[in-house]
Amino acid sequence: MPGDRFANWLRKALRWPTARGRAARRAARHAPFHGSYAAWIDANDTLSDGTRQSIHALDAQPEACVVLRPGRGDAHRTIDSLTRQLRGEWRLHLTQDDGAFDHPVLSTLGARLTRGPAIQVEGAFVVVLESGQVLADHALYALGDALAREPSWVLAYSDEDVLDSRGNRTSPDFKPTWSPDAFLEYDYISRSCAYRVDAFLAAVGDDQPLPTSEEITTRILARHPDDSIGRVPSVLFHQPSKPLSIPATSDRRMWIRELVEQREGTTPSWIGTRIHFPLPEPAPMVSIIIPTRDRAHHLGPCLQSLRGTTYPAWEAVIVDNGSTDEETLQLLSEQERTDRTRVVQHSIPFNFSELNNYGARAATGDVLCFLNDDTTVTTDGWLDAMVEHALRPGVGAVGALLKYPRGDVQHAGIVIGMGGLGLAGHVHRFADEATITHNWRLSYLQEYSAVTAACVVMKRDRFEEVGGFDERFAVCFNDVDLCLRLRDAGYRNLWTPHAVLDHHEQVSRGARVGAADRAYTREVGLMVKRWGTLLESDPHYSPNLALSSETPQLASRLRR
């Protein structure tokens, strides 16, 4: 990393947390994506004449088979968008032969047009549309090009948006890279994807009528590994309407159940739209590790809130970092006499990583939960909701939804490269209750590069496999570094909105001055040295969104 850029990051370090916080809090109380989408389209998603001519001049591209079936919108708009494709290598299959798709262009297609419930597929890849869906002019070119460049992909999906009643593009859906866990609770890819033809035919078989796109996708996922699912981060599909809610049909539950049984060997159930993984019997012991020092007015409510926890097997391991306050000492003495709580002493200069590692060594559980003393649990099933995922194959850290006491979001996942320093930020910070309700990304399980250690759960053996917390990160970025090392070891880090806690963020730390500020500066440097190549390429955050703000904003310059 160039020295002047690193120096600029350091100069911003002291200004970022407070100077940007108030503005971000105000901005987060509005729409999920901020900035003019129309202006973004003009700047980033409008093909120039030169680009159009270049696409036209390319050699022949893989042929697409477009399958069109009835939907809620106008079939003419869909077929019109086909005629505007910059490459002409496509054929059309209409699932009905009753005049529902009457359009003048159909009479000109000849052998490129087939009809009826029996799907006739030729070409390299298949796109399934419902009437009313509109393709971007370069959609078939972009999808075919992606599949040609990535021969291991069997499915490629893209971003999408919604056409309003006047045909204006609205409500962009900028998607993360493929996340099998997010798909369990919300199908975010099937309305905007292309299937390689052999995978499509194997998934459809002899079924008549044609299965739904979601069922086709789920069948393909059951047959192919996750690295065969690819993302094209461009808006290639324009939808006639936005789904009213996250689908939770009985059919979807059946498909997902079969998918999970095949992949993970367990049978999930559902609570509303939330997928639920059964816990083993007996449930493994969870050690809740809570570092603290002289903060009885926070530690007391934190411990009290744990008493309603429905998870059957847990202990609290309080790591006392040299408390001298009489009220705190009395509280710790009382806690030592309870059946679920132990107090261990570790009087060192404050080092969050070392305190947590010490607590982990003293703990007895096969599952570890690291919890700040300035948190209070607000959902009794919080630990069940986190442990059920931490026990799944391939899962590293599991984070929770943390809110400020006033009700807005403090943590809903960490994006690498986000924020004033360009290191890491809490996406959706300061989003209010209305945004939480209407923004689906705050409503379903998903994968992030990192989650906060203010409340994080993971299996002990996975924590020890990567060496625990790096004690050189005494104050900051210790959780991000741990999560990135888990990711490097092949684990997925998940965030669930179904575990909710209040967090009085940083009340026990105070301002960074003197030695604390020097330590922070050292840790910024270590973070840049270790992870600098990853700081502009978080796969779980769309390159169409800016990294400069924790409130999702349209990017003025796309990251490709």
Side-chain angles (χ1 to χ4, degrees), residues 154-155 157 160 173 175-193 195 203 211-231 243-280 379 381-401 412-413 439-449 451 457-459 486-487 490-500 539-541:
V154 297
L155 184 158
Y157 67 93
E160 60 185 89
D173 187 359
K175 304 173 185 179
T177 193
W178 169 238
S179 172
D181 302 280
F183 183 82
L184 298 179
E185 292 192 348
Y186 175 51
D187 176 13
Y188 66 98
I189 66 173
S190 294
R191 298 206 316 165
S192 55
C193 68
Y195 310 102
T212 66
S213 295
E214 185 171 26
E215 184 172 4
I216 296 169
T217 298
T218 308
R219 292 178 180 180
I220 288 175
L221 297 178
R223 292 176 167 89
H224 297 278
D226 289 329
D227 60 7
S228 65
I229 311 301
R231 174 186 66 171
L244 298 178
S245 63
I246 297 175
T249 64
S250 58
D251 284 344
R252 171 174 167 76
R253 293 178 179 183
M254 178 183 67
W255 306 327
I256 295 298
R257 184 180 295 112
E258 292 174 355
L259 176 64
V260 173
E261 287 175 346
Q262 181 167 337
R263 286 193 163 202
E264 301 188 18
T266 189
T267 302
S269 58
W270 271 263
I271 304 172
T273 58
R274 168 191 166 188
I275 193 167
H276 171 64
F277 289 82
L279 293 169
T379 51
W382 69 286
L383 197 52
D384 307 71
M386 300 179 78
V387 173
E388 67 178 80
H389 294 296
L391 297 178
R392 292 171 54 205
V395 174
V398 180
L401 171 59
N439 187 346
W440 294 347
R441 281 184 173 80
L442 291 167
S443 302
Y444 60 85
L445 178 74
Q446 55 200 278
E447 185 176 351
Y448 277 103
S449 290
V451 291
V457 171
M458 67 193 74
K459 288 188 69 178
L486 284 165
R487 193 178 74 172
Y491 296 107
R492 308 186 307 278
N493 299 313
L494 304 183
W495 171 84
T496 174
H498 309 305
V500 187
H540 304 295
Y541 200 64

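Quantities reported herein were computed from a predicted structural model and do not represent experimental measurements.
Take Thr266 and apply the side-chain hydrogen bond (donor to acceptor under 3.5 Å, both in side chains) test, not counting sequence neighbours, and it matches no residue. Not counting sequence neighbours, the partners of Arg263 by the salt bridge (Lys or Arg N to Asp or Glu O under 4.0 Å) test are Asp226. Under the side-chain contact (heavy atoms from CB on, under 4.5 Å) criterion, Gln262 pairs with Ala222, sequence neighbours left out. Every residue was checked against the ring-ring contact (aromatic ring centres under 6.0 Å, His included) condition with Trp382, not counting sequence neighbours, and none meets it. Residues meeting the salt bridge (Lys or Arg N to Asp or Glu O under 4.0 Å) test with Glu215, sequence neighbours left out: Arg219. Applying the side-chain contact (heavy atoms from CB on, under 4.5 Å) criterion to Ser213, with sequence neighbours excluded, gives Arg69, Val128, Ser190, Tyr195. Residues forming a salt bridge (Lys or Arg N to Asp or Glu O under 4.0 Å) with Arg392 (at least two apart in sequence, or on another chain): Asp181, Glu264. His389 is linked by a ring-ring contact (aromatic ring centres under 6.0 Å, His included) to Phe277, counting only residues two or more places apart in sequence or in another chain. Not counting sequence neighbours, Arg231 has no partner by the salt bridge (Lys or Arg N to Asp or Glu O under 4.0 Å) test. Partners of Tyr157 according to the ring-ring contact (aromatic ring centres under 6.0 Å, His included) rule, which considers only residues two or more places apart in sequence or in another chain, are Tyr188.
Listed by first then second residue, pairs satisfying salt bridge (Lys or Arg N to Asp or Glu O under 4.0 Å) with a partner in residues 266-275 read Arg274-Glu388, not counting sequence neighbours.
At distances below 3.5 Å, not a single donor-acceptor pair connects side-chain atoms of Trp495 with backbone N or O atoms of Glu447. A distance-only check finds no donor-acceptor pair linking the side chain of Ser179 to the backbone of Gln446 [under 3.5 Å]. The backbone N or O of Glu160 sits nowhere less than 3.5 Å from a side-chain atom of Asp173 that would complete a donor-acceptor pair.
What you find for Pro268 and Pro278 is that their closest heavy atoms are CA-CD, 4.3 Å. Closest approach of Ser443 to His498, counting heavy atoms only: O-CE1, 4.0 Å. The two residues Glu185 and Ile275 come nearest to each other via the heavy atoms OE2-N, 3.1 Å.
Below 30°, between 30° and 60°, or above 60°: for Tyr444 and Tyr186 the angle between ring planes is between 30° and 60°, a tilted geometry.
With rounding to the nearest 0.5 Å, the separation of CE in Met386 from CG in Leu391 is 12.0 Å.
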